[in-house]
Amino acid sequence: MNSQFPVNPSFTKESLKKQFRLSEFLAEKIISSVAFLSIAIIFLIFIFVFKESLPLFSFGSDAKAKTEIQGTAKPESYGGTTTEELKPESYGSEPVSNADLKPETYGSDPVSTEDLKPETYGDVKAETPETTATETPEAVSENNEGADKTWSTFFTTEWVPVSENPRFGLIGLLIGTLKVTVIAMLIAGPLAILAALYTSCFASKRAKEIIKPIIEMLAAFPSVVIGFFALMVLATFFQSIFGYESRLNAFIGGVAMALAAIPIIYTISEDALSAVPKTFTEASLALGASKWQTAFFVTLPAATPGIFAALLLGVGRVFGETMIALMATGNAALLSSNPFESVRTFAATIGSEMAETVFGETHYSVLFFIGSLLFIFSFALNAVAEFYVKGKLIKKFQGK
Amino acid sequence: MKDIKIHVNDLSLYYGEKKALKEISMQIPANKVTALIGPSGCGKSTFLRCINRMNDLIPSVRITGEMLVEGIDIYDKNVDVVNIRKKIGMVFQKSNPFPKSIYENIAYGPKINGLKDKTQLDEIVEVSLRQAAIWDEVKDRLGDSALGLSGGQQQRLCIARTLAVSPDIILMDEPASALDPISTSKIEELVHQLKEQYTIIIVTHNMQQAARTSDHTAFFYMGELIEMGKTNTIFTKPLQKQTEDYITGRFG
Ligand SMILES: Nc1ncnc2c1ncn2[C@@H]1O[C@H](COP(=O)(O)OP(=O)(O)O)[C@@H](O)[C@H]1O
Ligand SMILES: [Mg+2]
């Protein structure tokens, strides 16, 4: 039999030689460096946020410190007001005697001298020492009280960051954040999951093609628009139903955030439900199960890992949502179990107060500390969602 | 005729415009094994899925003709498809246990039928697993995931799951096609035992399997029923030339 394909006889070492493909090489390098860059950026963001809250962790500085400061001390100086025998390697250590000042010490801030390096943090204050000092005298003194005092106020309920005796009670904010999150998830979770179940198990193909993109489009809504909607429409509407006192409260915030969380939960749950093999559905139907029995007892359980992940991501979204919280929750750090009381969330606190704090003072550091908390929390949520789902799915569909 | 379970009269099925089954008429006897053979794509699975209305799931499907089970047309408007499927169980080509425990797989059917009593459920699970000849292999690990079983065990589990809802008719679509020879012979043996109590219709592409397990054989070709008769007759002196060509391996 004659083959009409010419056989290439040169099956030689030459023809098999390793080739260098420039375009592939470049593409590969570019892709990996971009990927690396984005990871690095995430890390840098976290380090920056955390760094700004670090003065809170410099224990050991005591009240004596503030008395030693001269009028020239810059209040905002980066944690560097503690003048006594702090070890140079500790953050914010500030050897006043500029002789032993190590230039590389982080945040070291030799206040007393002119050899201040322009690139050091806080050098801007050198130009306007009087103004800042007069602006926030209480804050200055408070800052110098040391971290111990600040920490002790964390576990109180009062959030009074600007006063003679500032208190940074995170409990009130935490409760507020949790309250809004719980309300939002109680609304968004069932709605989104049921909608996903409907589209993946009951809706006709055409209906699905219409519904899915519409709900996903909600995800692209700017949260300020949702916040505005909540502020103007929802607040009034629900007030006329429930008749509560404060127009803006945890419930309104929760409803608005549910609107933001629904598309996320819906999309991911829908994908998880659609990924359940058709063979399970067929098996169930062939046993004489009705459509809804199949949906609830076979499809839904088989998709639990994905739905769990969807809920976690929804929580993450609500937890960190700032604009809606600012606009719709009332922003008063009240401590009550009533869902119709105003609350103040972590994210909203940062969003509203960051612009008014003085660089480097305790309030500023506390806000960054809260930012770190949010970061850690959402990172953990995402990590759990990712790893839990991977593990569970493998278990589920491979029977380990 | 009491011993005919299913009468099929002029049944045609269309996938959209395409006619996949052409005026099929046949009678399927009760408490016997009927084998459906034919080259791939000839409509065996399609026909099998007509019997428990699984084709309802495909929107483009249109069916004409009659499918009478014990004299009742299952495509009648007043017939509830869910009830049909409770009476007519199905075992699929690819074993498809739920991602649940072995116990839950079997108990699923009775549970959705409203059975809650634990002792009764336990009993059904054991009886079904015994009937499917898999009890001894799994009795110590009923709580384990069914997906951890081997392919042959999974398929027998699926048969047990079907038996647990006590159907009259069991449809099997190439139940052993993905299995090793030992598992295959276990399934064949099982089919042989089950026909005492159930009417079984089995699709197979394996001639020996059809010859070994079935009492009657129907030969399909290009959506048409070419010939149906006692397995013995079909395999020794078929009436049609096409049938003979197929079983002697001249095509397909
Ligand atoms: N869901 C479907 N949509 C359209 N055509 C189909 C579908 N399922 C099967 N068919 C067609 O119907 C014919 C019979 O298929 P099938 O019953 O699966 O054959 P067999 O089981 O005998 O191999 C084939 O030509 C196949 O392409
Ligand atoms: Mg088939």
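Hydrogens, waters and symmetry mates play no part in the numbers below; they use all other heavy atoms, side chains included. Numbers restart at 1 for each chain; the letters A, B, ... are given by sequence-line order, proteins then strands.
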**Report entry** Nearest heavy-atom neighbours spanning B:P110 and B:A107
**Finding:**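 That closest heavy-atom pairing would be CD-O, 3.3 Å.
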Query raised in the report: Between B:F47 and B:F220, what is the ring plane arrangement, given parallel below 30°, perpendicular above 60°, and tilted in between?
Result: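 If you compare the ring of B:F47 with that of B:F220, the planes turn out tilted.
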Report task. Name all residues meeting the ring-ring contact (aromatic ring centres under 6.0 Å, His included) criterion together with A:F297; count only those two or more places apart in sequence or in a different chain, and write none if there are none. Result ->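 With sequence neighbours excluded, A:F297 shows a ring-ring contact (aromatic ring centres under 6.0 Å, His included) to no residue whatsoever.
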Query - Heavy-atom contact with chain A under 4.5 Å, split by part of B:L171 - result: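 For B:L171, neither part sits under 4.5 Å from chain A.
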Query raised in the report: Checking B:V165 against chain A: side chain, backbone, both or neither under 4.5 Å from a heavy atom?
Result: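 Side chain only.
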Requested in this report: Flag this pair as yes if the NZ/CZ of B:R141 is under 6.0 angstrom from the six-membered ring centre of B:Y103 and inside a 45 degree cone about the axis; otherwise no.
Outcome: no
Report task. From the options A:L259, A:V180, A:I226, select the one residue that forms a side-chain contact (heavy atoms from CB on, under 4.5 Å) with A:I324. Result -> A:I226
**Report entry** Contacts with chain A made by residues 194-201 of chain B (heavy-atom distance under 4.5 Å), listed by residue number
**Finding:** none
Query raised in the report: Listed by residue number, which members of residues 281-292 of chain A have a heavy atom under 4.5 Å from any heavy atom of chain B?
Result: A:E282, A:A283, A:S284, A:L285, A:A286, A:L287, A:G288, A:A289, A:S290
Query raised in the report: Which of residues 264-273 of chain A have a heavy atom under 4.5 Å from any heavy atom of chain B?
Result: none
Requested in this report: Report yes if the side chains of B:E70 and B:I6 come closer than 4.5 Å at any heavy-atom pair, otherwise no.
Outcome: no
Query raised in the report: Just wondering, do B:K100 and A:P301 contact through their side chains at under 4.5 Å, heavy atoms?
Result: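 The answer is yes; the side chains approach within 4.5 Å.
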Requested in this report: Evaluate the side chain to side chain contact (heavy atoms under 4.5 Å, CB included) criterion for residues B:I63 and B:C50: first the C-alpha distance (whole Å), next the side-chain angles of each, then the deciding distance (0.1 Å), finally the verdict.
Outcome: CA-CA 9 Å; B:I63 294 170; B:C50 283; 4.2 Å; yes
